Every structure is written in structure tokens, then in C-alpha cells.
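The block underneath contains the structure these notes are about, expressed in C-alpha cells.
Quantities reported herein were computed from a predicted structural model and do not represent experimental measurements.
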Amino acid sequence: MGVTVAVADASVQDGQGLSAVVEQVVHVWLMVRAPIVAPLLQLAVNVCLVMITMLFVDRMFMCGVLIVVKLLGRSSPHKTYKWEPMNDNDDDLELGNSSSYPMVLVQIPMYNEREVYQLSIQAACALSWPADRIVIQVLDDSTDPFIRELVQMEVQRWSSKGINIRYEIRGNRNGYKAGALRQGMRQHYVDKCDYVAIFDADFQPDPEFLHRSIPFLVHNPELALVQARWKFVNGEECLMTKLQEVSLNYHFSVEQRVESAAYGFFGFNGTAGVWRIQAMNEAGGWNDRTTVEDMDLAVRASMCGWKFVYLHDLECKSELPSTLKAYRFQQHRWSCGPASLFRKVFPQILKNKKVKLWKKIHMLYAFFFVRKVLAHIVTFVFYCLVIPATVLVPEVDLPFWGAIYVPSIITISTAFSTPKSLHLLVFWVLFENVMSLHRTKATFIGLFDLGRVNEWIVTEKLGSILKYKMSSKLSGKRSLFRLMNNMVIKGWQLGDRLNMWELWTAAFLFFCAVYDFYSQGKNHFFIYLFCQSVAFFLMGMGYCGTFVPS
């Protein structure tokens with residue numbers, strides 16, 4: 001009996017001790033909150049408000065330019081640039097008279113693309129162009145001998161049908177995709193080519209792709225690049241691909257169109273585009289100093305005085321990454337690379353004498369700083385750190401326009417590019433805020449040249465063009481099937497799926513939400529904070545995208 005009483009007394013003492021510690025922590029917090037924490041947090045709020053205003057002004061400017069361009073009838077490149085179809089005389093082609101057609105090289109870089117290699121090669125071989133005026137080049141960097149053999153057999157199969165297709169391999173992967181493309185351009189038969197079309201392994205151009213793009217380069221000697229729009233074959237596969245489609249549709253429908261019409265410059269998307277080889281050579285060819293070799297080449301070509309044109313009505317089928325792991329790797333590369341490139345080309349752009357001042361301002365301020373650096377940082381820092389922290393420090397003044405109105409307008413302007421997904425707007429905001437964590441990390445890595453600055457991991461493709469059709473037979477059972485894949489087939493192997501950065505952020509947001517709810521905060525941010533914490537938690541646990549059996 002005495003032992004029981006002693007244990008009870010010890011428990012009471014422990015409870016009192018813990019309570020005393022908590023009271024002491026709260027006391028210290030109340031002492032430093034107003035004089036120290038509040039001014040620092042207010043400074044962070046003000047800086048974020050400046051950044052979000054810069055982002056808002058850039059967004060409104062692009063939307064305004066797009067409206068003006070449409071009103072002036074310049075939205076179609078066919079009205080701005082000279083365009084005439086190539087020789088349509090079929091009799092001449094049948095007689096072998098194809099000299100009026102330029103020589104075109106088609107490059108397909110790939111790396112262990114077991115699921116999609118056949119699709120890309122088949123689409124390239126089906127391009128409508130005189131057979132003696134086209135060379136298809138498969139640049140295979142595959143490290144898996146079995147996949148390499150499959151690709152080589154596919155090339156031989158098309159070669160036996162009379163297609164001028166070449167299979168090129170390297171002894172190493174130096175420079176990754178840029179290295180493969182550079183090596184491909186060094187082949188002797190490339191000297192006879194005037195233009196080069198580039199398609200990643202999951203892209204399927206329509207047969208008329210060259211007929212619709214090449215004439216712009218033929219009849220407009222100032223043009224270096226024709227960029228097509230991406231069309232997504234698996235946009236309806238899962239919620240994650242639907243949300244990706246919203247962001248990318250805005251990029252193509254607004255950003256690319258405005259930059260093409262107003263500046264004649266935009267970042268090459270790395271695929272579904274046709275380059276003038278002369279312009280590539282003048283710009284110095286492919287460079288592997290960053291993970292965005294496509295953007296690097298575009299910037300250098302623009303500094304040489306070349307112009308680009310974007311064809312919104314020319315679509316090229318492609319596949320969105322449908323697993324969270326693949327998407328994270330892709331976003332790291334797409335965020336780290338531009339930040340690293342910005343740091344490296346900044347002085348070159350300033351010193352360049354071929355580019356006009358207004359174009360320099362656009363490239364350095366709007367294209368790089370606002371859209372490639374500031375947009376990623378402010379999204380995470382403001383919406384996932386600063387705003388949640390303000391509920392803990394009521395002395396901080398957070399204007400409603402900066403926290404609600406301006407972000408809402410930016411969000412709505414993005415969503416209008418994909419009307420069919422307007423009902424997913426809330427999910428898109430939560431998803432983008434979670435992904436901004438990785439984009440922010442990658443941006444700082446690129447800006448300050450940290451460890452993973454040149455990390456290149458090829459985005460995994462699942463061949464959804466075929467698999468999606470097969471899975472559609474499951475109809476209403478698809479969601480249940482994916483859940484079973486995740487829970488049963490993967491055997492709850494959480495070690496491979498846990499993302500600790502997301503989980504820690506989820507815990508912070510949840511704590512702020514609970515505090516705001518019980519303290520009855522003036523702005524009622526707890527509704528947003530609860531939803532955002534759930535989004536971080538679910539993605540931190542790996543519950544996002546398509547679940548693939550191991």
C-alpha cells in the first residue's frame with residue numbers, strides 16, 4: 001500500500017513539474033513575443049507582401065498582354081510570320097523530286113525507357129516528310145542491357161521498312177541529356193541537315209508535325225525555334241495528374257503565348273520543338289552546366305539575336321508523371337536548374353550588346369527572377385510559414401488583401417486555362433503549396449550551388465497511353481484498385497514513402513490551426529491551416545498519385 005502511495009505522489013510531483021515547465025515556457029514566450037518576435041515576423045510579412053505584389057503585377061501584365069494580342073489579331077503566329085506550305089505536288093514527290101524540302105534531323109533521347117520507347121519511335125517514323133529528306137536518330141543512354149537490346153531491335157525493325165533511322169549509343173552518360181544530344185549532333189550525316197526536331201521518349205508528334213512547323217523556319221530567317229504545345233494523354237488518370245495539367249496549361253496558354261508574341265523569346269521546353277541548326281551552332285550548342293540544358297540553349301540563342309515562335313494550335317502528345325516520387329524529382333530539376341542558370345547567365349545578359357534593354361529587363365526580372373525564383377519561394381514561405389506563424393503572434397498586422405484577395409486572383413487567373421478543372425481549385429492550391437516546399441529547396445540549391453545542384457534523375461514514365469486504357473475497364477473500381485495496390489501489394493513499406501519534410505510541416509500547420517481555433521483568431525485562418533496540414537500529411541505519407549506495384 002505504501003508503494004502505491006509513493007508512486008502516486010511521484011506522479012503528482014512529475015505532473016506538477018511538467019506544468020511548471022510549461023508555465024515557464026509560456027511566460028518566456030509572452031515576454032519575447034511582442035518586443036522581439038513580432039517585429040521580425042512583421043518584417044517577414046512585409047517582404048512577402050512585396051513579393052506577392054510583384055508576382056501579381058507580372059500575372060496581370062501577362063493576362064493584359066494576351067488580351068491585347070488577341071484584340072489586335074496577333075494571337076496566331078500565322079498572322080505575324082510568313083507561312084506557306086511546303087511543296088504539295090504529290091506527283092513531284094512520287095518522281096523523287098523532293099529537293100524543295102529541307103533536310104530534317106529527328107532526335108529521340110532516351111534512358112531505360114522500357115514502357116514508352118516503342119511509342120516514340122513509331123510516332124517519329126510516321127512523320128509525314130520525304131523519306132530522303134529526314135533522318136531519325138535514337139540516342140540511347142540506357143544502362144540496362146535488356147532495354148538497350150529492345151530499343152535496338154525496334155530501330156532495326158523500322159530500318160528494315162526503309163526508314164532512315166540511326167541507333168546511337170555512348171560509352172558513358174556524361175552531360176546526361178545534353179551530352180547525348182551534343183554527341184548526336186556530331187555525327188557526320190548531321191552536316192547535311194538544316195533543322196532538328198527533338199522529342200522526348202514519351203512524346204508522340206502527329207504525322208503532320210513537320211509540315212506545320214518547318215515552314216515557319218524556312219520562310220522566316222530570323223526564327224531559330226518553333227515550339228509546340230504539350231497535350232497530356234493521362235491527364236485524367238488521377239487527381240495529381242489533373243492538378244499538374246492546370247499548372248502546365250497556364251504555362252502554355254498564357255506564358256508561352258505572351259512571350260512569343262511580345263518578346264520573341266521564351267524558354268525552350270526541351271521537347272516537341274524544331275531548331276534551326278545554324279542558330280544552335282551560333283549559340284554554342286548543347287551545354288550541360290545546368291539541369292535545364294534546353295532553357296540554357298534558348299537564352300544563349302536569344303542573346304545572339306534569334307527569335308522564337310510558339311504554336312498554340314500544334315499539339316504533341318505526352319505523358320505526365322503520375323507517381324509522387326517521379327513528380328518530385330522532375331520538379332526539383334525544373335526549379336533548381338533555372339535558379340542555377342539565372343546565377344550563371346546574369347552577368348552575360350547584362351553585358352550583351354545584341355539584346356535590347358527592354359528584352360534584358362524581361363529576361364532577368366520577369367522570366368528568371370519573378371517566375372523561376374520568387375514564385376517558388378514566396379509560395380512556401382508566405383503561405384506555409386509566415387501566415388501560419390501570424391496566428392501565434394497577434395501583434396503582427398497581416399493585411400487581408402495580401403493574404404486572401406491577391407492570392408485568389410492569381411489562382412483564378414491560372415485556373416481559367418483549364419475550365420474543366422475549376423471544381424478542383426481548392427485541391428490545386430493545397431497541392432501547389434505542398435510542392436512549393438521542394439521547389440523552394442531546389443531554388444536555393446540552384447542559387448547557391450549546393451550539393452544536388454546538378455542532380456539529374458530521369459522522370460519515370462509508366463506508358464499510360466496503354467495502361468490507362470486497360471485500367472479504364474475497371475470503371476468505378478479504379479480507386480479501390482489503386483488503394484489495394486498501395487496497401488497490400490506494397491505491404492505498407494512506409495520507409496520508402498515517408499517524406500519527413502512534409503510531415504514536419506504538417507505538424508507545424510496543425511499546431512497553428514489548433515491554436516488559432518482555440519484562441520479565436522481574428523482572421524479564422526484555422527480552416528485553411530487544417531486543410532493544408534492534411535494535404536502535407538497525406539503527401540508526406542506518400543498517398544498521392546498513381547500507386548504502382550513493386
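E84 and P215 get closest at one heavy-atom pair: O-CB, 3.2 Å. Listed here is the closest heavy atom pair of A279 and A224: CB-CB, 3.4 Å. Here the closest heavy-atom approach between residue P109 and residue I198 is recorded as CD-CG2, 4.5 Å. Of all heavy-atom pairs between F209 and C316, the closest is CE1-CB, 4.4 Å. L450 and F444 make their closest contact through CD1-O, 4.1 Å (heavy atoms, listed as atom of the first residue, atom of the second, distance). Taking both residues in full, the closest heavy atoms of D202 and K461 are given as OD1-CE, 3.4 Å, listed atom of the first, atom of the second, then distance.
Contact annotation: the side chain of W306 approaches that of E282 to within less than 4.5 Å [non-hydrogen atoms, C-beta and beyond]. Contact of the V116 side chain with the F203 side chain is not registered, since no non-hydrogen atoms from C-beta on lie closer than 4.5 Å. Contact of the V196 side chain with the Q107 side chain is registered, since non-hydrogen atoms from C-beta on lie closer than 4.5 Å.
In this structure, the side chain to side chain donor-acceptor pair (under 3.5 Å) partners of W428, at least two apart in sequence or on a different chain, are S247. By the ring-ring contact (aromatic ring centres under 6.0 Å, His included) test, F346 pairs with F342, sequence neighbours left out. Partners of Y327 by side chain to side chain donor-acceptor pair (under 3.5 Å), not counting sequence neighbours, listed by chain and number: R439. Under the side chain to side chain donor-acceptor pair (under 3.5 Å) criterion, R212 pairs with no residue, sequence neighbours left out. Applying the side chain to side chain contact (heavy atoms under 4.5 Å, CB included) criterion to R343, with sequence neighbours excluded, gives S340, D449. In this structure, Q156 has no side chain to side chain donor-acceptor pair (under 3.5 Å) partners at least two apart in sequence or on a different chain. With sequence neighbours excluded, the residues forming a side chain to side chain contact (heavy atoms under 4.5 Å, CB included) with S302 are F265, F308, K359, M363, listed by chain and number. Applying the side chain to side chain contact (heavy atoms under 4.5 Å, CB included) rule to P102 yields the partners M86, W129, D194, Y195, I214, V218; only residues at least two apart in sequence or on another chain are considered. Applying the salt bridge (Lys or Arg N to Asp or Glu O under 4.0 Å) criterion to E502, with sequence neighbours excluded, gives no partner residue.
Defined by atom type and a distance below 3.5 Å, a donor-acceptor pair is present between the side-chain atoms of Y189 and Q137. Using modelled atom types, one finds a donor on one side chain and an acceptor on the other under 3.5 Å when comparing E154 with W158. Between the side chains of T143 and N112, at least one donor N or O lies within less than 3.5 Å of an accepting N or O.
Ion pairing between a basic and an acidic side chain is recognised when a charged N comes within 4.0 Å of a carboxylate O; E460 and K325 show no such pairing. Between R59 and E255, none of the side-chain N atoms (NZ, or NE/NH1/NH2) sits under 4.0 Å from a carboxylate O, so this pair counts as no salt bridge. Under the 4.0 Å criterion applied to side-chain N and carboxylate O atoms, R300 and D296 are assigned as salt-bridge partners. Salt bridge absent: E319 and K231 never bring a charged side-chain N and a carboxylate O closer than 4.0 Å. In this structure, E245 does not pair ionically with K242, as no charged nitrogen and carboxylate oxygen lie closer than 4.0 Å.
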Could you walk me through whether Q204 and S318 pass side-chain contact (heavy atoms from CB on, under 4.5 Å), step by step? CA-CA 6 Å; Q204 301 175 80; S318 64; over 6 Å; no
Audit row: H312, Y310, ring pair (Phe, Tyr, Trp, His ring centres under 6.0 Å) steps and yes/no: CA-CA 6 Å; H312 189 67; Y310 166 69; 5.8 Å; yes
For ring pair (Phe, Tyr, Trp, His ring centres under 6.0 Å), just list the numbers for F216 and H78, CA-CA rounded to whole Å, side-chain angles, deciding distance to a tenth of an Å, and then say yes or no. CA-CA 9 Å; F216 280 99; H78 295 81; 5.0 Å; yes
Under 3.5 Å, which donor-acceptor pairs do the side chains of residues 266-273 form with other protein atoms, sequence neighbours left out?
| residue | atom | partner | partner atom | Å |
| --- | --- | --- | --- | --- |
| N269 | OD1 | Q256 | NE2 | 2.9 |
| N269 | ND2 | H251 | NE2 | 3.3 |
| T271 | OG1 | D200 | N | 2.8 |

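Residue K161 qualifies as enclosed at atom NZ: its count of foreign heavy atoms under 6.0 Å is above 12. Annotation: F61, atom CZ; neighbour count of heavy atoms from other residues, nucleotides and ligands within 6.0 Å does not exceed 12.
Separation of atoms CG (L297) and CG (L225) is listed at 8.5 Å; rounding is to 0.5 Å. In this structure, OG1 on T440 lies 8.0 Å from NE2 on H376, to the nearest 0.5 angstrom. The structure places CG of L311 at 10.0 Å from CH2 of W83, a figure rounded to the nearest 0.5 Å. A distance of 10.0 Å separates CD in Q183 from CG in N174, rounded to the nearest 0.5 Å. Note that OG of S76 and CZ of R257 are 9.0 Å apart. Values are rounded to the nearest 0.5 Å. Separation of atoms CG (L217) and CD (Q278) is listed at 11.0 Å; rounding is to 0.5 Å.
Applying the salt bridge (Lys or Arg N to Asp or Glu O under 4.0 Å) test to pairs two or more places apart or on separate chains, none has a residue in residues 345-355. Listed by first then second residue, pairs satisfying salt bridge (Lys or Arg N to Asp or Glu O under 4.0 Å) with a partner in residues 178-188 read R182-D288, not counting sequence neighbours.
Taking the centre and axis of the six-membered ring of F367, the NZ or CZ atom of K372 falls inside the cone set by 45° and 6.0 Å.
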